Structure formats: structure tokens, C-alpha cells
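Lettering follows sequence order; numbering is per chain, from 1. All values derive from a computational prediction rather than experimental measurement.
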Amino acid sequence: MDEQPRLMHSHGVGMAGHPGLAQHMQDGTAGSDGEGRKQDIGDILQQIMTITDQSLDEAQARKHALNCHRMKPALFNVLCEIKEKTVLSIRGAQEEEPPDPQLMRLDNMLLAEGVAGPEKGGGSAAAAAAAAATGGIGADNSAEHSDYRAKLSQIRQIYHTELEKYEQACNEFTTHVMNLLREQSRTRPISPKEIERMVSIIHRKFSSIQMQLKQSTCEAVMILRSRFLDARRKRRNFNKQATEILNEYFYSHLSNPYPSEEAKEELAKKCGITVSQVRKSNKVSNWFGNKRIRYKKNIGKFQEEANMYAARTAVNATSVSAHGSQANSPSTPNSAGDCSEGKRSLLSYSDFATVLD
DNA sequence: GGTAATGATTTGAA
DNA sequence: TTCAAATCATTACC
């Protein structure tokens with residue numbers, strides 16, 4: 001391109017704004033006196049004014065003649081360079097932007113939730129994680145679980161459909177603009193670099209639309225997730241069988257109703273509930289905590305219940321001893337009578353009931 | 001709708 | 001971290 005200044009000089013295109021006019025005036029077609037110049041400019045203006053009156057064929061012919069002109073490539077290069085050095089050099093500084101941190105956050109979140117990226121079983125992993133965070137899933141929760149998965153899958157589907165639409169629209173628009181600019185580059189100075197730059201501008205615009213889509217999708221996932229977690233938080237009464245198992249243990253260990261971790265796990269297993277390491281969400285621990293305090297507050301009220309379970313335990317014990325085997329209740333490291341660790345005994349009449357019976 | 005029962009959570013002590 | 005105690009919030013029953 002170091003040939004350009006020479007070309008500019010030798011072919012009289014120094015007047016960047018009016019190259020045609022400059023050349024016209026320099027190659028001797030203009031008159032040397034003022035009157036001649038006026039006449040010449042008048043002719044050019046006349047030509048410009050009559051362009052609109054030309055037929056399509058005439059216009060095409062003129063365009064073709066212009067494109068075939070021997071000086072056209074040189075002129076085109078010079079004009080492109082001038083253009084590059086002026087207006088577009090300012091825009092050039094905006095290129096090579098670092099990736100948007102917000103967009104990265106959104107992308108990461110969509111990936112983590114299983115909305116973007118490869119299908120991860122319709123978000124079952126996320127649902128399982130959400131459920132685990134609240135203390136586990138029982139069989140009764142499978143309906144909500146699948147509901148969560150179905151809704152997440154819907155969100156995923158909508159997201160991908162919309163994303164595809166945006167990408168298609170972006171490609172169509174880019175192709176259209178590129179074709180337009182290529183076509184126009186035959187009559188005005190548009191370099192391939194400028195077309196490339198225009199394409200990147202279009203992509204930037206479309207990616208900002210995509211970011212909105214990603215943001216909306218993230219919001220939808222968050223709402224779904226919070227609803228699901230709220231649903232987990234809702235109270236579910238234990239079924240009758242589970243309550244009986246827990247009561248049986250409680251009343252048969254009334255002197256020290258503090259099941260060990262192993263015992264809790266075994267009870268949870270029997271009741272069909274899970275035990276979390278975090279006490280806050282440990283259903284068995286909650287149950288025993290509530291039971292202890294409520295029993296202690298109103299022993300009289302629970303007396304009948306205590307007697308009933310004590311009798312049942314006695315019957316079981318008799319039947320077990322008749323079969324010559326050990327007690328079948330969950331492991332009881334802190335069994336009755338052992339009131340260590342300063343825990344208060346809830347011993348009452350019912351504890352003796354087994355003996356009396 | 002009112003009330004009791006009950007699972008979950010919070011708070012403070014050990 | 002566990003527990004007791006108080007409290008909240010939901011469910012079950014009338």
C-alpha cells in the first residue's frame with residue numbers, strides 16, 4: 001500500500017472528498033479561466049441531476065463502465081485507506097473487548113442448572129441437589145421432583161428455541177448486510193475490513209439480545225427453584241407406620257430417649273425418610289426433640305400412648321425370647337437405665353409397664 | 001373457621 | 001455440635 005501516496009499524487013486524487021472532480025479538473029478538461037471552470041462544474045452538476053432521469057439500463061451501463069475503468073482499483077484502495085484513517089480508526093479502538101463478566105456469570109449459571117450445554121437428564125441433578133439441600137427426598141416427593149424436572153425441561157426447550165431463532169436471524173441479517181456492502185463496495189469505498197467490522201457490530205448487537213434471553217431464563221430457573229425449595233420446606237406429617245416406629249423406639253427407651261446416630265439412621269430407614277448430617281434438617285432428630293419436650297411437658301396426656309407402646313414392646317419381647325433370639329429394635333448404645341451425658345431421664349410408669357405386664 | 005396436633009426453625013446454654 | 005425450650009407454620013379434624 002506504500003504505492004498509494006504516489007498514486008494519489010500522480011492521478012490527482014488528493015481531494016479526498018471530491019476525487020472525481022479533482023481528477024476532472026487536473027487532467028485538463030477544465031478551462032483555465034474562471035468562466036471555463038464554472039461551465040465545467042455546471043456540466044457535472046447537470047450530469048448528477050440527470051442521473052435520476054436515467055433508465056435502469058443506462059444506470060447499469062454507467063455503473064459497469066465505472067467498474068471497468070482501469071483506474072478504479074487504485075482509486076478504490078486510496079479511498080478505502082483514507083476512510084480507514086479517519087472515521088473508522090476511532091471505532092477500531094473499541095475492538096478486542098474482554099468477555100463480559102455478567103454474560104460469563106449467566107452462561108455459568110445456565111450450564112450449572114443444566115439449561116445450557118448438554119442435556120443432564122432434564123435437570124434431575126439440579127432437582128436432586130435442591131432436594132438434598134433440604135433434607136432428602138422420600139417416595140412421596142417423586143411427583144414434585146418430576147414436576148420440577150418437567151418445568152426445567154420446558155425452560156430449556158424455550159431457551160434453545162429462542163436462541164436458535166436469534167442465531168438464525170443474526171446470520172440472515174449478517175448475510176444480508178454483507179451482500180449489501182459488497183454490492184455497494186463496487187460504487188463506494190468499502191474495504192473487506194470494514195465489512196468485517198460491520199459484521200462484528202451486528203454480532204455484538206445480537207449478543208446483547210441473547211444476553212437478555214439468558215437473563216430471563218436465569219430468572220425463570222431461579223423462580224422455579226425457589227418454588228421447588230419452598231415446596232420441600234412445607235410440612236409433611238409422617239405416615240402412621242413411621243410414627244408408630246418412632247413411638248415404639250421412644251417409649252421402649254423412655255429412660256434415655258436419645259437414639260445414637262446409628263439408631264437414627266436405622267429408624268429413618270425403617271420409616272422411609274432420610275437422615276441428613278445437618279441436624280436442622282434431620283427429621284428423626286426433630287421428631288425426637290419434639291417428642292421429648294412434649295412428653296415431658298405433659299406426661300399425663302401421653303400416658304395412655306406410653307402404656308400402649310409399652311405393652312406392645314412387652315409382647316414383642318416375649319415373642320422374641322420365645323424364639324431364643326436377641327431384641328430386634330434399632331441398635332441402642334444408650335439403652336434404658338444409662339442416663340449418662342447429663343441427659344435427663346423421662347422415666348415414668350410406662351417404663352415399668354413392660355415389667356409389670 | 002376454630003382448634004389441636006405436629007413438623008420445622010430459632011435461640012441460647014453446655 | 002447437640003440439646004431444651006419457645007415459637008412458627010402447616011396439616012388434620014371437628
Asks: Which word best sums up how the rings of A:F206 and A:F173 line up, parallel for under 30°, tilted for 30 to 60°, or perpendicular for over 60°?
Replies: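 It falls in the tilted class, 30° to 60°.
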Asks: A:I293 has an atom CD1; how far is it from atom P of C:dA6, in whole Å?
Replies: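 Taking atom P of C:dA6 as the reference, CD1 of A:I293 is at 7 Å.
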Asks: Within a radius of less than 6.0 Å around CE of A:M308, do more than 12 heavy atoms belonging to other residues, nucleotides or ligands occur?
Replies: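 More than 12 heavy atoms, drawn from other residues, nucleotides or ligands, come within 6.0 Å of this atom.
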Asks: Under the criterion ring-ring contact (aromatic ring centres under 6.0 Å, His included), which of A:Y295, A:Y251, A:F250 is the partner of A:Y309?
Replies: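 The single option meeting the ring-ring contact (aromatic ring centres under 6.0 Å, His included) with A:Y309 is A:Y251.
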Asks: Would you say that A:F288 contacts A:Y249 through its side chain, given a criterion of any heavy-atom pair below 4.5 Å between the two side chains?
Replies: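 Yes, side chains in contact.
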Asks: Below 3.5 Å is the cut-off: list the nitrogen or oxygen pairs between protein and nucleotides 4-7 of chain B, distance only.
Replies:
{"residue": "B:dT6", "atom": "O2", "partner": "A:R235", "partner atom": "NH1", "Å": "2.1"}
{"residue": "B:dG7", "atom": "O4'", "partner": "A:R235", "partner atom": "NE", "Å": "3.2"}
{"residue": "B:dG7", "atom": "N7", "partner": "A:R294", "partner atom": "NH1", "Å": "3.1"}
{"residue": "B:dG7", "atom": "O6", "partner": "A:R294", "partner atom": "NH2", "Å": "2.6"}

Asks: Starting at NZ of A:K296 and ending at P of C:dC3, how long is that distance when rounded to a whole Å?
Replies: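 Result: 14 Å.
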Asks: Roughly how many Å is it from CZ in A:R292 to P in C:dA5, rounded to a whole number?
Replies: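 Between P of C:dA5 and CZ of A:R292: 10 Å.
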Asks: Between A:E266 and A:K269, does the salt bridge (charged side-chain N to carboxylate O under 4.0 Å, His left out) criterion hold? Intermediate values first, please.
Replies: CA-CA 5 Å; A:E266 207 171 328; A:K269 215 173 173 182; over 6 Å; no
